[in-house]
Student: 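Have a look at this one before I ask anything.
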Amino acid sequence: MGSRFAGRNGRIYLSTSGAGDAEYLNFIASWELNLATDKFDVTAFGDENKTTVAGLPAATGTFTGWMDDTTYQAYDAAVDGQARKFYLYPSFTSQPSKYFFGTINLDASYSAGVDGAGTFSGSWEAASKISKN
């Protein structure tokens, strides 16, 4: 039987270059992994309800965090056009051996305002199969 956990110990690791090793991405506050499969309508005359067949699966996601001027991993990944190795850990302390991994293409966004802390966010799409360990 598995265990439940709080998300506060989640982590993201992202490589600093296309071929580099994945390193801890500092100051992340949340992440999301979306798994979806294309569905094609194959409803025919006489069917009692709509019917679909599954196509290829897709994986996308997002993350948000606090801007840090000592590392620009997300910026570098967004501007150089290289797919990056990445690892998403739901809880690094309770089950560090449980994670999702693969390579991604990343977009990054940065924001700052007079009324709050500087933030950054990323949105990504799979560049390879996203697997779970």
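Atom set for the values below is all heavy atoms of this structure, side chains included, hydrogens, waters and symmetry mates excluded. As the structure is a prediction and not an experimental result, all values here were calculated from the model.
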Student: Testing the basics here: between Gly102 and Ile130, what is the closest heavy-atom pair and its distance to 0.1 Å?
Tutor: CA-CD1, 3.9 Å
Student: Could you go step by step and tell me if Lys50 and Asp41 meet the side chain to side chain contact (heavy atoms under 4.5 Å, CB included) rule?
Tutor: CA-CA 7 Å; Lys50 290 186 74 97; Asp41 187 342; 2.9 Å; yes
Student: Would a single hydrophobic cluster contain both Tyr24 and Phe100, if residues Ile, Leu, Val, Met, Phe, Trp and Tyr are joined by side-chain heavy-atom contacts under 4.5 Å?
Tutor: no
Student: Treat each ILVMFWY residue as a node, draw an edge where side-chain heavy atoms are under 4.5 Å apart, and state whether Leu35 and Phe101 are in one component.
Tutor: no
Student: Go through the steps for Thr103 and Trp124 under the test side chain to side chain contact (heavy atoms under 4.5 Å, CB included), then give the verdict.
Tutor: CA-CA 10 Å; Thr103 57; Trp124 58 266; over 6 Å; no
Student: Taking the side chain as C-beta and beyond, is there a heavy-atom pair between Phe63 and Leu106 under 4.5 Å?
Tutor: yes
Student: Kindly assign one of parallel, tilted or perpendicular to the pair Tyr89 and Tyr13, based on the angle between their ring planes and the thresholds 30° and 60°.
Tutor: perpendicular
Student: Output yes when a side-chain donor or acceptor of Thr52 lies under 3.5 Å from a complementary backbone atom of Lys39, and no otherwise.
Tutor: no
Student: Step by step, work out the side chain to side chain donor-acceptor pair (under 3.5 Å) result for Asn9 and Ser91.
Tutor: CA-CA 5 Å; Asn9 293 312; Ser91 178; 4.6 Å; no
Student: From Ser128 OG over to Lys85 NZ, what is the distance, rounded to the nearest 0.5 angstrom?
Tutor: 11.0 Å
Student: Is Phe5 linked to Leu88 within one hydrophobic cluster, defined over Ile, Leu, Val, Met, Phe, Trp and Tyr using a side-chain heavy-atom separation of less than 4.5 Å?
Tutor: no
Student: Can you check whether Asn133's main-chain N or O pairs, donor with acceptor, with Lys98's side chain at less than 3.5 Å?
Tutor: no
Student: Are Tyr110 and Leu25 connected into the same hydrophobic cluster when the rule is that any two of I, L, V, M, F, W, Y join if their side-chain heavy atoms are below 4.5 Å apart?
Tutor: yes
Student: Verify, without hydrogens or angle tests, whether Asp47 (side chain) and Ala44 (backbone) share a donor-acceptor contact under 3.5 angstrom.
Tutor: yes
Student: Quick check: Trp66 with Phe120 (ring centres under 6.0 Å apart)?
Tutor: no
Student: Would you mind reporting whether Ile28 and Arg11 have side-chain heavy atoms less than 4.5 Å apart?
Tutor: no
Student: For the hydrophobic clusters of this structure (ILVMFWY residues joined by side-chain heavy atoms under 4.5 Å, transitively), does one cluster hold both Trp31 and Phe27?
Tutor: no
Student: Hey, is the main chain of Ser15 close enough, under 3.5 Å, to the side chain of Arg84 for a donor-acceptor pair?
Tutor: yes
Student: Step by step, would you call Met67 with Thr119 a side chain to side chain contact (heavy atoms under 4.5 Å, CB included)?
Tutor: CA-CA 5 Å; Met67 209 179 327; Thr119 63; 6.0 Å; no
Student: Taking Glu125 for the side chain and Ile104 for the main chain, is one N or O donor matched with an acceptor at less than 3.5 Å?
Tutor: no
Student: May I ask you to decide if Thr51's main-chain N or O and Thr43's side chain share a donor-acceptor pair within less than 3.5 Å?
Tutor: yes
Student: Give the minimum heavy-atom separation between Thr64 and Ser30, together with the two atoms involved.
Tutor: OG1-OG, 2.6 Å
Student: Can you tell me how far apart OG (Ser131) and OH (Tyr87) are? Round to the nearest 0.5 Å.
Tutor: 10.5 Å
Student: Of the non-hydrogen atoms in Ala108 and Ala78, which two are nearest, and what is the gap between them?
Tutor: N-CB, 3.7 Å
Student: Between OG1 of Thr60 and CG of Asn34, what distance do you get to the nearest 0.5 Å?
Tutor: 4.0 Å
Student: Considering all heavy atoms of both residues, which atom of Gln73 and which atom of Glu23 are nearest to each other, and what is their separation?
Tutor: NE2-O, 3.4 Å
Student: Minimum heavy-atom separation for Thr37 and Ala54, please, with both atom names.
Tutor: CG2-CB, 3.8 Å
Student: Please report the C-alpha distance between Tyr99 and Lys132 in whole Å, then the side-chain angles of each, then the deciding distance to 0.1 Å, and finally whether the side chain to side chain contact (heavy atoms under 4.5 Å, CB included) criterion is met.
Tutor: CA-CA 6 Å; Tyr99 55 90; Lys132 64 179 176 58; over 6 Å; no
